[in-house]
Asker: 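This structure is in structure tokens; I'll ask about it shortly.
All values below come from the heavy atoms of this structure, side chains included, with hydrogens, waters and symmetry mates left out. This structure is a prediction, so every number in the text was calculated from the model and none was measured.
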Amino acid sequence: MITEIKGKLTMTDPVTIVIEESNWKHHTLEGYEDNELNILNVFAEEKGFDAVREKAIIHYLDNESRFYTLFMEKIKRMLEFEDFYGDYDFEPAFEAYEVELPETVSDDWIKENVKLIQINILKEKDGLCCLEFDFAVSWDEEHGMIALMHNDEFVGFAEGGYCWY
């Protein structure tokens, strides 16, 4: 799979891959394919898909189940404590899209309302690239939400469209 990604990934065009055994395929957010994932290099430095970027994507692909579990736990916690966008007040978005946030967020609720759709390869730091994970969400179809990770550490979550720089 990495050979296919490496051969197709440019600085401007995303590569769409299908991860057959992805846990994200069980998410049913309307308008998104079961297990398609876009990988985009446009936000990285002008180096193309070099060894450092390849290493970051391989790390995700090799550990996709672990990343999935981390995201599910983190999203659930943030929704339950209503603090995952910092200063962003997401309650109006829930009201505007008529999405009801349950008092206790279950995995099934997340599977119906959150879908990983893209990974952006960002700048290199300490020999590893930061990866930005873009999620489509039912409560904000325009922006979604994004998570920034460096290796296995969460750096932050934000409303989609936020610039980490």
Side-chain angles (χ1 to χ4, degrees), residues 1-2 4-5 8-9 13-44 56-86 88-122 129-164:
M1 183 180 301
I2 197 66
E4 175 187 345
I5 295 169
K8 293 180 180 177
L9 194 62
D13 298 316
V15 172
T16 302
I17 62 169
V18 173
I19 303 174
E20 293 300 332
E21 300 303 317
S22 175
N23 289 303
W24 293 105
K25 73 180 177 181
H26 301 293
H27 289 236
T28 58
L29 194 61
E30 189 174 326
Y32 295 94
E33 294 295 322
D34 287 345
N35 55 355
E36 281 188 359
L37 180 64
N38 289 319
I39 298 176
L40 192 61
N41 198 38
V42 72
F43 300 108
I57 294 301
I58 289 172
H59 180 69
Y60 173 75
L61 294 173
D62 286 349
N63 296 284
E64 200 259 355
S65 290
R66 189 164 51 90
F67 274 88
Y68 176 81
T69 301
L70 287 171
F71 283 126
M72 290 294 284
E73 290 171 1
K74 189 74 166 177
I75 291 167
K76 187 184 302 185
R77 179 172 168 75
M78 290 184 301
L79 287 169
E80 287 179 349
F81 289 101
E82 299 184 10
D83 64 353
F84 70 111
Y85 286 158
Y88 176 66
D89 182 6
F90 61 87
E91 286 299 326
F94 276 93
E95 290 174 15
Y97 286 98
E98 298 179 355
V99 174
E100 187 174 330
L101 180 62
E103 194 170 306
T104 302
V105 178
S106 68
D107 287 353
D108 288 337
W109 189 91
I110 294 173
K111 288 177 182 179
E112 293 175 5
N113 291 279
V114 179
K115 175 85 170 169
L116 177 64
I117 58 172
Q118 184 166 292
I119 299 174
N120 296 310
I121 305 170
L122 302 182
C129 285
C130 291
L131 295 178
E132 176 186 83
F133 294 84
D134 289 2
F135 298 89
V137 298
S138 63
W139 62 88
D140 191 344
E141 293 173 5
E142 183 179 346
H143 299 103
M145 72 177 181
I146 54 176
L148 182 64
M149 293 197 68
H150 183 255
N151 197 16
D152 293 327
E153 292 185 38
F154 281 98
V155 178
F157 266 84
E159 178 181 14
Y162 179 81
C163 184
W164 298 110

Asker: Please report whether the ring centroid of Trp24 lies less than 6.0 Å from that of Phe135.
Answerer: yes
Asker: Provide the closest heavy-atom pair for Asn151 versus His59 in the form atom of the first, atom of the second, distance.
Answerer: OD1-NE2, 3.4 Å
Asker: Walk me through whether Ser138 and Glu112 qualify under side chain to side chain donor-acceptor pair (under 3.5 Å).
Answerer: CA-CA 8 Å; Ser138 63; Glu112 293 175 5; over 6 Å; no
Asker: Looking at His143, is its backbone amide N or carbonyl O close enough to the side chain of Asp140 to form a donor-acceptor pair, meaning the two atoms are under 3.5 Å apart?
Answerer: yes
Asker: Measure across Asp134 and Leu116 and return the closest heavy-atom pair with its distance rounded to 0.1 Å.
Answerer: O-CD1, 3.4 Å
Asker: Report the C-alpha distance between Val18 and Glu20 in whole Å, list the side-chain angles of each, state the deciding distance to 0.1 Å, and finish with yes or no for side chain to side chain contact (heavy atoms under 4.5 Å, CB included).
Answerer: CA-CA 6 Å; Val18 173; Glu20 293 300 332; 3.3 Å; yes
Asker: Give the intermediate values and the outcome of side chain to side chain contact (heavy atoms under 4.5 Å, CB included) for residues Met72 and Val114.
Answerer: CA-CA 9 Å; Met72 290 294 284; Val114 179; over 6 Å; no
Asker: Which word best sums up how the rings of Phe71 and Phe157 line up, parallel for under 30°, tilted for 30 to 60°, or perpendicular for over 60°?
Answerer: perpendicular
Asker: List the steps, then state whether side chain to side chain contact (heavy atoms under 4.5 Å, CB included) holds for Met149 with Tyr60.
Answerer: CA-CA 11 Å; Met149 293 197 68; Tyr60 173 75; over 6 Å; no
Asker: So which atom in Ser65 and which in Asn23 form the shortest heavy-atom distance, rounded to 0.1 Å?
Answerer: OG-ND2, 3.6 Å
Asker: Which pair of non-hydrogen atoms, one from Cys130 and one from His150, has the smallest distance, and what is that distance?
Answerer: SG-CD2, 3.6 Å
Asker: Looking at Leu29 and Ala136, what are the two nearest heavy atoms and their distance?
Answerer: CD2-O, 3.3 Å
Asker: Identify the heavy atoms of Gln118 and Leu37 that sit nearest to each other, and give their distance.
Answerer: N-CD1, 3.7 Å
Asker: Could you walk me through whether Ile121 and Leu131 satisfy the side chain to side chain contact (heavy atoms under 4.5 Å, CB included) test, starting with their C-alpha distance in whole Å, then the side-chain angles of each, then the deciding distance to 0.1 Å, before giving a yes or no?
Answerer: CA-CA 5 Å; Ile121 305 170; Leu131 295 178; 4.1 Å; yes
